[in-house]
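Every chain is numbered from 1, with letters handed out A, B, ... down the list of sequences.
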There are 2 protein chains.
Amino acid sequence: MNRHSNSDRNPLAEGGNHALSLGQRIRQYVLSRIDSGEWPEGSRIPSEAKLVDLLGASRMTIHIALRDLSAEGVLLRKQGAGTFVAPRRHQSTFLELRNIHAEIIGRGNLHTTNVLSLESQISDLASATELNVPPGTTVFHAVLVHRENDRPIQIEDRIVNPQFAPEFMKQDYTTTTPNEHLMENGPLEEVEHVIQAVLADASNASLLELEVGDPVLLLRRRTWSRGMIATSARLYHPGMRFSLAGRMKVHR
Amino acid sequence: MNRHSNSDRNPLAEGGNHALSLGQRIRQYVLSRIDSGEWPEGSRIPSEAKLVDLLGASRMTIHIALRDLSAEGVLLRKQGAGTFVAPRRHQSTFLELRNIHAEIIGRGNLHTTNVLSLESQISDLASATELNVPPGTTVFHAVLVHRENDRPIQIEDRIVNPQFAPEFMKQDYTTTTPNEHLMENGPLEEVEHVIQAVLADASNASLLELEVGDPVLLLRRRTWSRGMIATSARLYHPGMRFSLAGRMKVHR
DNA sequence: CCGGCGAAATGGTATATACAACTTAATACA
DNA sequence: TGTATTAAGTTGTATATACCATTTCGCCGG
């Protein structure tokens with residue numbers, strides 16, 4: 001069989017993926033079509049046979065790639081019917097919490113942000129440990145209050161590894177969120193969460209429009225990317241009004 | 001090639017799995033060896049070639065099955081070295097929280113339980129909604145305090161769907177946990193979590209040896225099994241001393 | 001005793017083939 | 001027009017083969 005019977009132009013060559021295996025390139029091909037919106041949620045993607053013609057790989061190779069994506073929940077496959085882009089599971093797991101902006105917009109509400117502070121600082125032992133960088137390293141520090149229809153719903157107290165996001169300080173966080181900017185700097189590889197119930201201190205109470213001593217949910221989240229700790233955030237939520245919820249399938 | 005060159009006895013036939021595909025049976029074979037302890041954590045399992053001889057399936061079929069289990073984190077595979085049983089990820093995701101008994105034992109501490117109440121009751125609207133059963137149905141209700149080295153660390157306030165676990169009331173929860181009993185009644189299919197920060201009321205404060213008004217983490221957990229809501233639990237943790245932590249890999 | 005080298009073992013990837021199972025749409029028939 | 005049948009299209013599974021990449025370990029020589 002001629003592997004390039006349709007065309008000598010092979011679509012599997014977007015952006016320096018030379019080191020990837022064929023299966024991985026097929027995977028990236030599919031994912032990029034989905035991310036770009038070319039293949040929207042729920043739409044049917046080309047059949048295995050068509051992808052064979054299109055990409056010049058054997059059907060088994062393509063089958064395995066699609067099978068993996070299906071196992072990960074990216075695609076839905078139905079024998080006899082076709083392969084479809086799976087609907088984005090919105091609230092699957094709070095560990096996969098979408099950014100707060102998307103959440104608020106998704107509820108049809110207005111999202112605004114106050115930037116309380118945004119500065120580079122020399123890391124003390126605590127913040128250095130948190131980011132796993134040497135003490136004395138410069139780190140970025142931001143404190144923001146997120147509002148939904150002008151009501152404060154989250155304090156975001158974040159330190160950022162400058163090596164990961166050197167442009168972090170130059171962004172305008174009234175129009176974009178730190179999360180959005182950070183996502184551009186590298187793929188999210190791992191997330192760590194710690195959740196605690198704490199009491200609002202004077203500062204938090206004032207910012208969240210609570211009384212001192214009200215219960216507050218503290219979510220500490222660290223994210224790994226490109227092999228380093230990219231950022232560590234402390235997210236304070238008013239515990240009475242807000243909760244973190246998620247549902248997930250159980251395997252095994 | 002003779003698929004049964006070693007023996008006519010095929011190990012892939014344990015307990016009514018006639019309807020399963022060969023790949024699924026290989027999967028079950030591996031999982032049951034792990035669950036039974038025959039292949040302990042960290043141990044090396046037979047190579048693909050040996051499994052070919054042992055199970056009579058082709059290498060590709062076995063490879064795919066092991067590959068899937070590797071993707072799910074059950075196995076670890078290293079090219080050139082072998083396939084190993086992955087260490088049980090203890091704190092991977094708090095959504096997969098092991099039962100509290102295993103956690104405490106795992107820390108080398110003593111776990112004791114006080115049963116404060118254990119009764120069947122007619123469900124009111126709230127509890128009926130929680131379990132998705134008709135109001136007026138009989139449901140089981142248990143309240144327990146878990147202690148680690150005699151220090152109270154969790155209040156478990158649980159309602160149970162009798163249709164799921166009819167023997168729930170007959171268990172001795174000083175020697176077993178509700179969770180353990182429930183696990184025997186069916187496979188866990190789905191879990192829903194809601195986390196909130198609340199203030200300890202008089203009852204909670206007394207049970208957890210806190211002051212009234214101390215912050216408490218409330219974890220509400222509902223589990224689905226055999227197509228119904230099996231149980232709904234309210235788990236109270238002292239928020240200052242305890243937190244829920246988890247780390248997970250991110251896909252896509 | 002140590003180091004280097006190579007063979008053997010092991011998993012990783014890709015392909016071609018065959019058939020089974022299921023879905024959908026077109027077709028033929030009453 | 002409605003229904004049953006058929007055909008085509010699609011994914012699911014299993015196999016045999018080939019070659020590649022990495023690891024491990026024993027052997028041999030210094």
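Checked against D:dA14, D:dT24, C:dT13, the side chain of B:A81 finds its nearest nucleotide in D:dT24. Considering only the side chain of A:T61, C:dA14 comes nearest among D:dT10, C:dA14, C:dG12. If you check C:dT10, C:dT23, C:dA14 against the side chain of B:S47, the one that comes closest is C:dT10. When distances are taken from the side chain of B:E48 to each of C:dG12, D:dG12, D:dA14, the shortest belongs to C:dG12.
Here C:dT13 presents its P atom at 13 Å from CG of B:L66, a figure rounded to the nearest Å. Note: CD (B:Q79) to P (D:dT22) measures 6 Å, nearest angstrom. Following rounding to the nearest Å, A:I64 (CD1) and D:dA14 (P) show an atom-to-atom distance of 12 Å. Taking atom CG on B:D68 and atom P on C:dG11, their separation rounds to 15 Å, with Å as the unit. Between the CD1 atom of B:I62 and the P atom of D:dT15 there is a distance of 8 Å, given to the nearest Å. Per the geometry, NZ belonging to A:K78 stands 6 Å off P belonging to C:dT23, to the nearest Å. Distance, A:R77 CZ to D:dT10 C1': 9 Å, rounded to whole Å. Atom-to-atom, CG of B:L75 to C1' of C:dG12 comes out at 16 Å; the value is rounded to the nearest Å.
Both A:R59 and A:G80 sit near DNA chain D, but only A:G80 has its closest nucleotide nearer the 5' end. Toward the 5′ end of DNA chain C lies the nearest nucleotide of B:R67, the other residue of the pair B:R67 and A:M60 mapping further downstream.
Ion pairing of A:E48 with A:R67 is absent here, as no side-chain N (NZ or NE/NH1/NH2) approaches a carboxylate O to less than 4.0 Å.
Between B:F164 and the options B:T231, B:L182, B:L131, a side-chain contact (heavy atoms from CB on, under 4.5 Å) holds for only B:L182.
When the side-chain nitrogen and oxygen atoms of B:R44 are compared with OP1 and OP2 of C:dT10, one or more of them lie within a distance under 4.0 Å. Considering only side-chain N and O atoms, A:K50 lies under 4.0 angstrom from the phosphate OP1 or OP2 of D:dT10. OP1 or OP2 of D:dA16 has not a single side-chain nitrogen or oxygen of B:S58 nearer than 4.0 Å. Regarding contacts with the backbone of D:dG12, a side-chain N or O of A:H63 is found under 4.0 angstrom from either OP1 or OP2. Taking 4.0 angstrom as the limit, B:T83 places a side-chain polar atom (N or O) nearer than this to OP1 or OP2 of C:dG11.
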Could you walk me through whether B:T176 and B:Q171 pass the side chain to side chain donor-acceptor pair (under 3.5 Å) check?
-> CA-CA 8 Å; B:T176 182; B:Q171 309 303 312; over 6 Å; no
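Looking only at side-chain heavy atoms (C-beta outward), A:R234 and A:L218 come within less than 4.5 Å of each other.
Of the inter-residue distances, the one linking A:T138 atom OG1 with A:N161 atom CG reads 11.0 Å to the nearest 0.5 angstrom.
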